Amino acid sequence: MRLFHELLGPLELPDRFLRIVSLAPNLTDALFALGLGERLVGRSAFCHRPAQVLSLPVVASYTKTRLELLRNLQPDLVLLSTGVQREQALGLKEEGFPVYAVPLPTSPYGILENLSTLGHLLGLEAEATELAHRLAERYTALKGRFRLRVYFEMDLGGPITVGRGSYIAQALLHLGLEPIFLDVPQAYFAPDLEEVARRKPDLFLYEPKPWGKNPWAKAKALAEARGWTFPVVATDGDELAHYGPMFFGFLEKLAGRVEETLGQA
């Protein structure tokens, strides 16, 4: 097939993909959700869902690729995201690999749009449309569940929060959990923790790194060390930061934890 990509330019790809390498967790998730998990032959170090992918060879970090291993796998499609993987995608195209990069979403609806894009690319329009429809219904059901102002923080080697232009901020706002830095015209940034206290959120929402133990206890300890007294809710790690189809289930789980915390309060 021949197509034009807004980042990669003209592309010539096979009409059918039987050996796929995914270098982005959201795309690995989407491939399994569309029933193509058995075609995956390689992954990135950050692709750890679903558990079946852990047996696949690790071809790359999020920005660097083991080129010889990738060549040995003989993929007919290498999938990445844009954003920080932009240069990686361009470099792999220069190396002659059949590359396609999917855009970073700016809202949860962008996650659904990416499913549609994959459906077109993989010849699964009907399946992708049906999956997007089911996920959209689940997302709609979460609308306006709360009326709270929240401070969201994720651990990316240091505290990072969200402002305007982030799909995470849009999802929280949809739930009725208004991020306190929504007035900041920057999607992701390191927060001023003293400013967090001055803005007096109703809730501290914390996302740790994946694979950690007892995330709520870590979040509670962080809040206490900073002198914060507002309630704490924690995800299990790499959930709101994950922008594949599983995101909507993680959002439902988050809503349940907020409801449980409010009930306890």
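Please read all numbers here as calculations on a predicted model, not as lab measurements. Just so you know, these numbers use all the heavy atoms, side chains as well, and skip hydrogens, waters and symmetry mates.
Between the side chains of T161 and Y188, no donor N or O sits under 3.5 Å from an acceptor N or O. No hydrogens or angles considered: a donor-acceptor pair under 3.5 Å links the side chains of H133 and E137. One side chain, D29 or H242, offers a donor N or O that lies under 3.5 Å from an acceptor on the other.
Ion pairing between a basic and an acidic side chain is recognised when a charged N comes within 4.0 Å of a carboxylate O; E178 and R149 show no such pairing. At a threshold of 4.0 Å, the pair D183-R199 counts as salt-bridged, since one of the basic side-chain nitrogens sits closer than that to a carboxylate oxygen.
From T229, atom OG1 reaches atom CZ of F204 across 12.5 Å, with rounding to the nearest 0.5 Å. Summarising the geometry, atom OG1 belonging to T28 is positioned 7.5 Å from atom CG belonging to N26; distances are rounded to the nearest 0.5 Å. The CG atom of L124 sits 10.5 Å away from the CG atom of L131 when rounded to the nearest 0.5 Å.
Residue R147 places its CZ atom among 12 or fewer non-hydrogen atoms of other residues, nucleotides or ligands, all under 6.0 Å distant.
Partners of R19 under the side-chain hydrogen bond (donor to acceptor under 3.5 Å, both in side chains) rule, at least two apart in sequence or in another chain, do not exist in this structure. Evaluation of the ring pair (Phe, Tyr, Trp, His ring centres under 6.0 Å) rule for F248 yields Y139 as partners, not counting sequence neighbours. Applying the ring pair (Phe, Tyr, Trp, His ring centres under 6.0 Å) criterion to H5, with sequence neighbours excluded, gives Y100. In terms of the side-chain hydrogen bond (donor to acceptor under 3.5 Å, both in side chains) criterion, residue partners of E95 (sequence neighbours excluded) are, by chain and number, R71. Checked against ring pair (Phe, Tyr, Trp, His ring centres under 6.0 Å), F230 has the following partners two or more places apart in sequence or in another chain: W228.
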May I have the step-by-step check of ring pair (Phe, Tyr, Trp, His ring centres under 6.0 Å) for F152 and Y206, ending in yes or no?
CA-CA 6 Å; F152 170 73; Y206 178 69; 8.8 Å; no
Determine whether K253 and D236 satisfy the following criterion, salt bridge (Lys or Arg N to Asp or Glu O under 4.0 Å), listing intermediate values before the conclusion.
CA-CA 10 Å; K253 184 168 73 171; D236 290 324; 2.9 Å; yes
Please walk me through it: do Q88 and T65 pass side-chain hydrogen bond (donor to acceptor under 3.5 Å, both in side chains)?
CA-CA 8 Å; Q88 188 179 16; T65 309; 2.7 Å; yes
Take L31 and S22, measure what side-chain contact (heavy atoms from CB on, under 4.5 Å) needs, and give me the verdict at the end.
CA-CA 9 Å; L31 288 170; S22 173; 4.2 Å; yes
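Relative orientation of the Y167 and Y243 rings is perpendicular, given thresholds of 30° and 60° on the angle between their planes.
Between I111 and P245, the shortest heavy-atom distance links the atoms CG2-N, 4.3 Å. Between V78 and L23, the shortest heavy-atom distance links the atoms CG1-CD1, 3.9 Å. T82 and L104 make their closest contact through OG1-N, 3.1 Å (heavy atoms, listed as atom of the first residue, atom of the second, distance). For S81 against A24, the heavy-atom pair with the smallest separation is OG-CB, 3.8 Å. In plain terms, the two heavy atoms of L115 and A128 that are nearest each other are O-CB, 3.4 Å. Closest approach of V99 and L8 over heavy atoms only: O-CD1, 3.8 Å.
With V233 as reference, V258 is the one residue of L177, V258, V150 to meet the side-chain contact (heavy atoms from CB on, under 4.5 Å) rule.
You'll find the side chain of P57 reaches within 4.5 Å of the side chain of L73, heavy atoms only.
Cluster annotation: L175 and M246 are assigned to distinct hydrophobic clusters (Ile/Leu/Val/Met/Phe/Trp/Tyr, side-chain heavy-atom contacts under 4.5 Å, transitive).
Listed by first then second residue, pairs satisfying salt bridge (Lys or Arg N to Asp or Glu O under 4.0 Å) with a partner in residues 150-167 read E153-R226, D155-K218, not counting sequence neighbours.
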